[in-house]
Asks: 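Questions regarding the structure given below will be posed in turn.
In the text below, chain A, chain B and the rest are named by the order of the sequence lines, each starting its count at 1.
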There are 2 protein chains.
Amino acid sequence: MANIQHVAKQAGVSVATVSRVLNNITTVSPKTRLKVESAIKDLNYEPSMLGRNLRNSESRLLLVLIPSISNPFYTEIINGIENTAIANNYNILLCETDSNPQRENIYFNMIKNKLADGVISMDPAVNMQKLNELAEQYPIIQCSEYEEGGSIPYVTIDNELAAYRAVKHLIKLGNKRIALINSDEKFLYARQRRNGYERALKEFDLPIREEWICNTNQLDFENGIQAMRKLLQQPEKPSAVFAVSDTLAIGALKEINASQLKVPDDIALIGFDKISFSNMTNPTLTTVSQPMYKMGSTAANMLIGSIKGNKVESIILDHELVIRESTMG
Amino acid sequence: MANIQHVAKQAGVSVATVSRVLNNITTVSPKTRLKVESAIKDLNYEPSMLGRNLRNSESRLLLVLIPSISNPFYTEIINGIENTAIANNYNILLCETDSNPQRENIYFNMIKNKLADGVISMDPAVNMQKLNELAEQYPIIQCSEYEEGGSIPYVTIDNELAAYRAVKHLIKLGNKRIALINSDEKFLYARQRRNGYERALKEFDLPIREEWICNTNQLDFENGIQAMRKLLQQPEKPSAVFAVSDTLAIGALKEINASQLKVPDDIALIGFDKISFSNMTNPTLTTVSQPMYKMGSTAANMLIGSIKGNKVESIILDHELVIRESTMG
DNA sequence: ATCGTATTTGTAATCGATTACAAAAAATAA
DNA sequence: TTATTTTTTGTAATCGATTACAAATACGAT
């Protein structure tokens with residue numbers, strides 16, 4: 001593999017001149033530029049990022065932390081991040097943490113090691129203490145999930161309001177027995193969505209009944225099935241269910257079908273995230289749509305700004321209730 | 001940020017000694033080792049991978065090229081790759097190429113730039129000429145999709161046999177009019193699966209009818225819907241459909257339902273990949289299961305072996321037909 | 001031709017690590 | 001104690017780039 005020295009020798013110039021050509025410095029005469037360029041072609045030379053990064057102490061790589069790539073919620077966000085990054089001459093390193101502190105550590109070290117210039121964290125289970133420590137020295141943005149009152153800039157939606165609107169929609173349809181399938185309330189978004197759920201119920205003088213509130217450990221289909229099974233075993237069954245993710249809602253739908261009930265006639269159902277599957281179920285799923293692509297691109301822009309040294313402000317994006325068959329009596 | 005010099009000064013030793021401590025070389029006396037270790041702690045020092053990699057010309061990073069992270073088929077494979085990589089002290093860089101040559105180039109350059117030590121390519125649309133060129137100088141493995149008769153080692157399944165078995169299963173159920181929803185036949189797996197489909201039909205003296213063979217550009221749900229719509233417009237409708245991916249099959253199922261037909265009674269349906277959503281549809285989807293995790297871990301092991309300089313052989317893994325409701329009359 | 005200025009090119013330090021080799025210190029033998 | 005061997009530590013080159021500064025060259029004006 002040719003290096004800058006070889007090119008310099010081949011072109012009969014110094015390494016400095018080669019470097020100038022590589023970096024488009026104007027102070028190179030057209031003749032020498034041509035000589036160097038042809039030497040570069042001859043030797044099939046590619047500059048080493050390692051040497052360059054070491055000297056410049058930048059890698060133009062952005063770390064993206066996600067708990068799991070199998071959650072379709074993240075795919076559009078990542079597209080947004082990636083396109084924005086590439087447009088700004090950055091690349092992204094997709095890091096699946098599995099919400100595992102050890103893996104998290106590996107990736108945090110990459111930042112400290114200057115192998116990446118900044119981090120976008122989407123892991124709701126991230127170790128906030130470590131993330132905050134890191135944020136003192138390195139550019140970090142949180143996307144979707146964040147720390148309330150924390151100092152790390154974030155981009156997200158108003159989860160409380162979104163949940164409130166979803167539940168209000170169910171109430172307006174005449175439902176009085178509305179269940180909630182929530183994830184673990186150690187996550188901020190879960191607490192916020194529960195708050196929205198409760199606010200809507202209170203506003204319409206409906207009771208909040210603990211037996212209609214299920215919490216799941218994860219967001220897999222199977223968790224939705226289990227939760228729905230529990231709800232259907234209640235002496236008084238709910239007439240509507242709000243699930244905090246489409247995957248949970250799809251599991252719930254499966255279980256409702258299995259027990260010979262019909263959505264939406266027997267039970268109305270709302271999910272969250274508008275993943276692509278949510279339009280493939282039968283009936284199609286009413287859901288809350290987050291501007292995922294925009295969320296990703298916004299996060300990337302914030303991070304790149306932050307790397308440049310700009311002060312960046314947190315942003316709350318709009319959401320939208322997408323009404324489909326699962327709530328259309 | 002502290003560097004090795006600072007640590008050396010703080011500990012009152014030379015940088016060489018610090019490096020020895022970092023790399024667990026035995027020739028360091030316990031006293032000095034302790035001094036150095038406490039200096040490292042005091043200064044919160046983390047060695048820079050940039051400096052280290054430049055010197056060692058290795059990055060311990062593996063590139064994983066996938067066309068799109070939104071295809072759930074890849075998630076388990078990636079898990080297999082990632083776990084194996086981490087177990088061997090490597091990390092992975094997940095690269096979404098969107099089958100876009102420009103992006104592909106970016107990632108190929110990372111290899112040339114020594115920012116990564118090897119590549120696992122899963123992109124069926126990868127530029128094989130470039131990949132072959134790269135493979136002359138750097139360790140590369142293909143996973144799932146590969147080049148017939150090429151020289152790059154791969155891990156895959158026997159697509160022809162898998163398709164043959166799936167179609168044979170449909171025939172055994174009494175179906176005589178069997179359609180194929182295939183992806184673009186520029187992809188090897190698509191050609192192989194078509195061959196398996198045709199072999200099964202021929203073996204049972206069933207005619208191969210072009211109007212029952214659909215090719216789609218992509219593997220999205222929407223493509224499955226469109227393909228099925230075409231098939232249902234045929235004067236003679238098929239009684240069974242074999243789709244080369246679960247996503248296509250799920251789209252087809254949606255369209256079948258929409259036209260008031262029943263799966264499996266009116267039309268039997270088989271998919272491919274056993275993605276998690278294939279068990280959430282109604283009816284659940286018969287599908288071909290690939291050993292995805294194993295495929296990933298095998299590919300990673302092959303790549304790591306290849307980086308070490310071992311000669312690695314291509315591997316063909318077993319598949320399995322998972323019979324579920326969509327073919328249970 | 002001479003001088004001054006502007007442009008172009010080269011020299012060498014630098015980024016942060018590793019490591020061959022040399023030197024110093026400690027351990028052992030005589 | 002002195003000589004010899006072994007263990008430990010330090011010096012300095014190296015990886016492949018960038019860049020401040022110096023040197024060389026070209027260009028104009030007088």
Side-chain angles (χ1 to χ4, degrees), chain A residues 1-37 39-40 43-61 89 109-117 137-138, chain B residues 1-37 39-40 43-61 89 109-117 137-138:
Chain A
M1 198 67 200
N3 63 19
I4 199 171
Q5 323 266 358
H6 300 147
V7 176
K9 181 177 277 182
Q10 166 99 357
V13 300
S14 72
V15 291
T17 303
V18 177
S19 176
R20 290 192 187 100
V21 171
L22 289 173
N23 295 282
N24 281 313
I25 307 267
T26 46
T27 62
V28 178
S29 75
K31 304 165 246 161
T32 30
R33 157 166 276 117
L34 282 173
K35 275 196 295 180
V36 171
E37 276 164 353
I40 288 176
L43 298 176
N44 228 312
Y45 165 76
E46 303 262 358
S48 155
M49 285 193 186
L50 245 31
R52 180 175 287 175
N53 293 351
L54 176 59
R55 180 58 213 235
N56 294 350
S57 63
E58 72 163 8
S59 62
R60 301 206 79 81
L61 234 43
N89 203 18
N109 278 333
M110 296 185 104
I111 287 289
K112 297 188 191 163
N113 290 332
K114 298 283 176 62
L115 274 192
D117 296 343
Q137 298 205 52
Y138 306 96
Chain B
M1 198 64 199
N3 62 19
I4 200 170
Q5 324 266 357
H6 300 147
V7 176
K9 181 177 279 185
Q10 165 100 355
V13 300
S14 72
V15 291
T17 303
V18 177
S19 176
R20 290 191 186 101
V21 171
L22 290 173
N23 294 283
N24 280 313
I25 307 267
T26 46
T27 62
V28 178
S29 76
K31 303 166 247 161
T32 29
R33 157 164 275 117
L34 282 173
K35 275 196 296 182
V36 172
E37 276 165 352
I40 288 175
L43 297 177
N44 230 313
Y45 165 76
E46 305 261 359
S48 154
M49 286 194 184
L50 245 32
R52 179 174 287 174
N53 293 351
L54 176 58
R55 179 60 212 236
N56 293 351
S57 63
E58 72 162 11
S59 63
R60 300 207 79 81
L61 235 44
N89 203 18
N109 278 333
M110 296 186 104
I111 287 288
K112 297 188 190 161
N113 291 331
K114 297 285 177 62
L115 274 192
D117 296 343
Q137 298 205 51
Y138 306 95

Asks: Could you tell me whether A:V18 contacts a base, only the sugar-phosphate backbone, or nothing, with contacts defined as non-hydrogen atoms closer than 4.0 Å?
Replies: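 No contact.
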
Asks: Any side-chain N or O of B:T32 under 4.0 Å from OP1/OP2 of D:dT9?
Replies: yes

Asks: Tell me: CG of A:L43 to P of D:dG16, nearest whole Å?
Replies: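 Rounded to whole Å, this separation is 14 Å.
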
Asks: If you take atom types as modelled and just measure distance, does the side chain of B:R55 reach the base of D:dT14 with a donor-acceptor pair under 3.5 Å?
Replies: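 A donor-acceptor contact between them is present.
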
Asks: Roughly how many Å is it from CD1 in B:I4 to P in D:dT11, rounded to a whole number?
Replies: 14 Å

Asks: Just so I know, are the side chains of B:S19 and B:I4 near enough to count as touching, which here means a heavy-atom distance under 4.5 Å?
Replies: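 SC-SC contact between B:S19 and B:I4 confirmed.
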
Asks: How long is the line joining NE2 of A:H6 and C1' of D:dG16, in whole Å?
Replies: 11 Å

Asks: Given D:dT9, D:dT18, C:dA17, identify the nucleotide with an atom nearest to the side chain of A:N56.
Replies: D:dT18

Asks: Hey, does B:N53 reach any base, or is it just sugar-phosphate, or nothing, if we go heavy atoms under 4.0 Å?
Replies: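 Touches nothing.
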
Asks: Does OP1 or OP2 of D:dT18 have a side-chain N or O of A:S19 closer than 4.0 Å?
Replies: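 Affirmative; the distance criterion is met.
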
Asks: Any base atoms under 4.0 Å from B:L54, or only sugar-phosphate, or nothing? Heavy atoms, all strands.
Replies: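 It contacts base atoms.
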
Asks: Using whole Å, report how far NZ of A:K9 lies from P of C:dT9.
Replies: 20 Å

Asks: State which of D:dT11, D:dT8, D:dT18 makes the closest approach to the side chain of B:S29.
Replies: D:dT8

Asks: Over all heavy atoms of both residues, which pair between B:A11 and B:V36 is shortest? Give the atoms and the distance, please.
Replies: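 It is CB-CA, 3.9 Å.
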
Asks: Establish, with yes or no, whether the OP1 or OP2 oxygen of C:dT9 is under 4.0 angstrom from a side-chain nitrogen or oxygen of A:T17.
Replies: no

Asks: Between B:M110 and A:L61, which heavy-atom pair has the shortest distance, and what is it?
Replies: CE-CD1, 3.5 Å

Asks: Specify the separation, in whole Å, of atom NZ of B:K31 and atom C1' of D:dT8.
Replies: 9 Å

Asks: Relative to the 5' end of DNA chain D, which residue comes earlier, A:V15 or B:R20, by the nucleotide with the nearest heavy atom?
Replies: B:R20

Asks: For B:V15 versus B:Q5, what's the shortest heavy-atom pair and its separation?
Replies: CG1-OE1, 3.6 Å

Asks: DNA chain D: A:N3 or B:V13, which has the more 5' nearest nucleotide?
Replies: B:V13

Asks: Calculate the interatomic distance between A:L50 atom CG and C:dT14 atom P; express it in whole Å.
Replies: 21 Å

Asks: Rounding to an integer number of Å, can you tell me how far A:M49 CE sits from D:dC15 C1'?
Replies: 17 Å

Asks: If we only count heavy atoms from C-beta on, is the B:I40 to B:L22 side-chain gap below 4.5 Å?
Replies: yes

Asks: Report the distance from atom CD of A:Q5 to atom P of C:dG10, rounded to the nearest whole Å.
Replies: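 Rounded to whole Å, this separation is 13 Å.
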
Asks: With a 4.0 Å limit, can you tell me whether B:T27 has a side-chain N or O closer than that to the phosphate oxygens OP1/OP2 of D:dT9?
Replies: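 For B:T27, the contact criterion (side-chain N or O under 4.0 Å from OP1 or OP2 of D:dT9) is not met.
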
Asks: Answer whether the closest heavy-atom distance between the side chains of B:L50 and A:R55 falls below 4.5 Å.
Replies: no

Asks: Can you tell me if the side-chain N/O atoms of A:R52 get under 4.0 Å from OP1 or OP2 in D:dT18?
Replies: yes

